[in-house]
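All of these numbers come straight from a predicted model, not from anything done at the bench.
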Amino acid sequence: MRAQSSAIAPSRIAVGAAGTDPGGRSFGTVQAALGVVAFSLTFPATAWGLEGFGPWSLIAVRSILAAAVAGACLLALRVAPPERRHWLGLAVVGAGVVLGFPLLTTLALQTSTTAHAAVVVGLLPLTTALLSALRIGTRPSRTFWIAALAGAAAVIAFTVQQSGGALTSADAYLFAALLVCAAGYTEGGRLARVMPGWQVIGWALVLCLPVTVPMAAVALSYEPVQLTTHSVTGLLWVAIGSQFLGLVVWYRGMAAIGIPKASQLQLAQPLLTLVWSVLLLGEHLTVAAPLTAAAVLVCIAVTQRARG
């Protein structure tokens with residue numbers, strides 16, 4: 001789906017969301033899935049970034065770098081600023097996915113493993129679907145909700161088992177991150193119906209600059225920085241991969257197939273994160289991983305076929 005003018009794109013996006021364009025729905029599913037893959041690398045990349053940056057520095061610098069890329073794209077394509085009525089929604093996106101979720105999860109990862117932190121991602125699809133029902137008025141079917149709850153339960157059981165069932169001091173950060181991110185996803189998915197998805201996250205990133213620039217200046221003056229291969233790679237991925245490119249395809253996918261169905265693709269995200277944590281961080285998985293993965297994939301298949 002190529003970027004279109006604002007007058008044309010919404011109508012095509014709406015067709016995909018309504019399910020009357022199978023090709024658009026399939027491409028939307030692919031884009032949302034690519035977003036999930038990008039997001040699944042966020043926790044391991046954050047762990048790498050924390051090897052050389054303090055938590056506040058990492059969040060501020062990643063947001064500034066992502067805003068620089070987004071701003072350059074907006075300027076190069078001479079994109080007009082959004083209408084005034086959309087700025088409040090963009091502020092919600094910025095507060096939720098640009099600042100809130102990255103900051104809260106980064107603080108949590110100082111004392112939590114990526115396996116334990118993945119529980120928030122397991123709950124995120126269900127929370128996003130609930131908020132979209134309240135905010136946008138979507139009404140998924142009973143089958144959809146049963147499959148969504150089953151998938152969320154499977155992910156929660158797996159991640160809690162991985163952490164030994166113990167609650168940590170990071171849990172408060174994780175549950176707060178869950179709520180603010182679901183709000184940002186819901187509002188971003190709504191805005192992506194009236195403007196291209198990359199512009200939604202692009203303007204949200206630019207809108208956060210008055211906060212992130214002073215935040216970076218203060219944080220970098222207090223937190224020591226050690227530039228290593230891991231820390232730089234982690235920073236670049238969370239800034240460009242997760243914060244910008246991942247959200248671009250994610251919002252486009254949500255606009256094409258609908259927020260509830262796109263959110264259920266995230267049920268696979270904790271399991272992907274655990275795979276990356278093994279490959280990149282050396283963490284160990286139990287034999288429950290493939291069984292949980294199979295159960296989650298079944299739930300995703302059901303939610304994708306259920307009609308709202």
Side-chain angles (χ1 to χ4, degrees), residues 34-70 72 94 96-121 124 159 162-163 168 170 173-174 177 180-181 184 201 204-205 208-209 211-213 215-250 266 268-285:
L34 288 174
V36 170
V37 173
F39 300 152
S40 71
L41 281 160
T42 300
F43 284 175
T46 299
W48 275 8
L50 286 172
E51 293 179 12
F53 294 89
W56 295 90
S57 299
L58 181 62
I59 295 305
V61 174
R62 70 179 271 184
S63 297
I64 292 172
L65 289 177
V69 175
V97 302
V98 175
L99 296 176
F101 186 78
L103 175 60
L104 292 166
T105 53
T106 298
L107 292 174
L109 285 171
Q110 289 189 291
T111 56
S112 173
T113 65
T114 58
H116 184 79
V119 69
V120 73
V121 182
L124 187 55
T159 51
Q162 286 287 295
S163 64
T168 69
Y173 289 131
L174 294 174
V180 299
C181 189
I201 185 58
L205 285 163
C208 289
L209 282 175
V211 175
T212 55
V213 170
M215 178 179 169
V218 173
L220 289 171
S221 66
Y222 283 94
E223 295 178 337
V225 174
Q226 183 177 0
L227 299 180
T228 64
T229 301
H230 275 186
S231 64
V232 173
T233 301
L235 171 63
L236 292 177
W237 178 259
V238 293
I240 310 302
S242 301
Q243 192 90 76
F244 183 61
L245 296 178
L247 284 169
V248 167
V249 293
W250 173 244
Q266 281 195 307
Q269 186 174 324
L271 301 176
L272 288 172
T273 297
L274 291 172
V275 171
W276 298 128
S277 70
V278 170
L279 297 177
L280 301 177
L281 303 177
E283 295 185 8
H284 299 283
L285 299 180

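Looking at T212 and L205, their side chains never come closer than 4.5 Å, going by heavy atoms from C-beta outward. Contact check for W276 versus L281: no side-chain heavy atoms found under the 4.5 Å cut-off. The side-chain heavy atoms of F53 and L227, taken from C-beta on, include a pair separated by under 4.5 Å.
Atom-to-atom distance recorded for I201:CD1 and L245:CG is 11.0 Å, nearest 0.5 angstrom. For the atom pair SG of C181 and CZ of F39, the computed distance is 7.5 Å after rounding to the nearest 0.5 Å. Distance check: L58 CG to S63 OG gives 9.0 Å after rounding to the nearest 0.5 Å. Atom CG of L107 and atom OG of S112 lie 12.0 Å apart (nearest 0.5 Å). Note that the CD atom of Q110 and the OG1 atom of T105 stand 11.0 Å from one another [nearest 0.5 Å]. Here the OG1 atom belonging to T42 is positioned 8.0 Å from the CH2 atom belonging to W237, to the nearest 0.5 angstrom.
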- Message: One pair to check against side-chain contact (heavy atoms from CB on, under 4.5 Å): L280 and L41. What are the steps and the verdict?
- Response: CA-CA 10 Å; L280 301 177; L41 281 160; 3.9 Å; yes
- Task: Would you check, one step at a time, whether the test side-chain contact (heavy atoms from CB on, under 4.5 Å) holds for T106 with W56?
- Result: CA-CA 8 Å; T106 298; W56 295 90; over 6 Å; no
- Decide side-chain contact (heavy atoms from CB on, under 4.5 Å) for L235 and R62; before the verdict, give the C-alpha distance in whole Å, the side-chain angles of both, and the deciding distance to 0.1 Å. CA-CA 6 Å; L235 171 63; R62 70 179 271 184; 4.0 Å; yes
- Message: Applying side-chain contact (heavy atoms from CB on, under 4.5 Å) to W250 and V36, what does each step give before you reach the verdict?
- Response: CA-CA 7 Å; W250 173 244; V36 170; 3.9 Å; yes
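Here the closest non-hydrogen pair linking G94 and C208 is CA-SG, 3.7 Å. Closest heavy-atom contact between A66 and A239: CB-O, 3.2 Å. Contact detail for P102 and G96: the closest heavy-atom pair is CD-O, 4.2 Å. Of all the heavy atoms in S277 and L274, the pair that sits closest is OG-O, 2.6 Å. In terms of heavy-atom proximity, S242 sits nearest to A38 at OG-O, 3.5 Å. Counting all heavy atoms, side chain and backbone alike, A70 lies closest to F244 at CB-CE1, 3.5 Å.
The number of heavy-atom neighbours closer than 6.0 Å to OH of Y173, taken from other residues, nucleotides and ligands shown, is 12 or below.
Judged purely by atom type and a 3.5 angstrom limit, E223 uses its side chain to pair as donor or acceptor with the backbone of S57. Side chain of T233 to main chain of H230: no donor-acceptor pair is present (N/O by atom type, distance under 3.5 Å, no hydrogens or angles).
For the side-chain contact (heavy atoms from CB on, under 4.5 Å) with L104, the qualifying choice from L109, V180, L99, I59 is V180, the only one to do so. Only one option out of T273, L272, L271 pairs with Q269 in a side-chain contact (heavy atoms from CB on, under 4.5 Å); it is T273.
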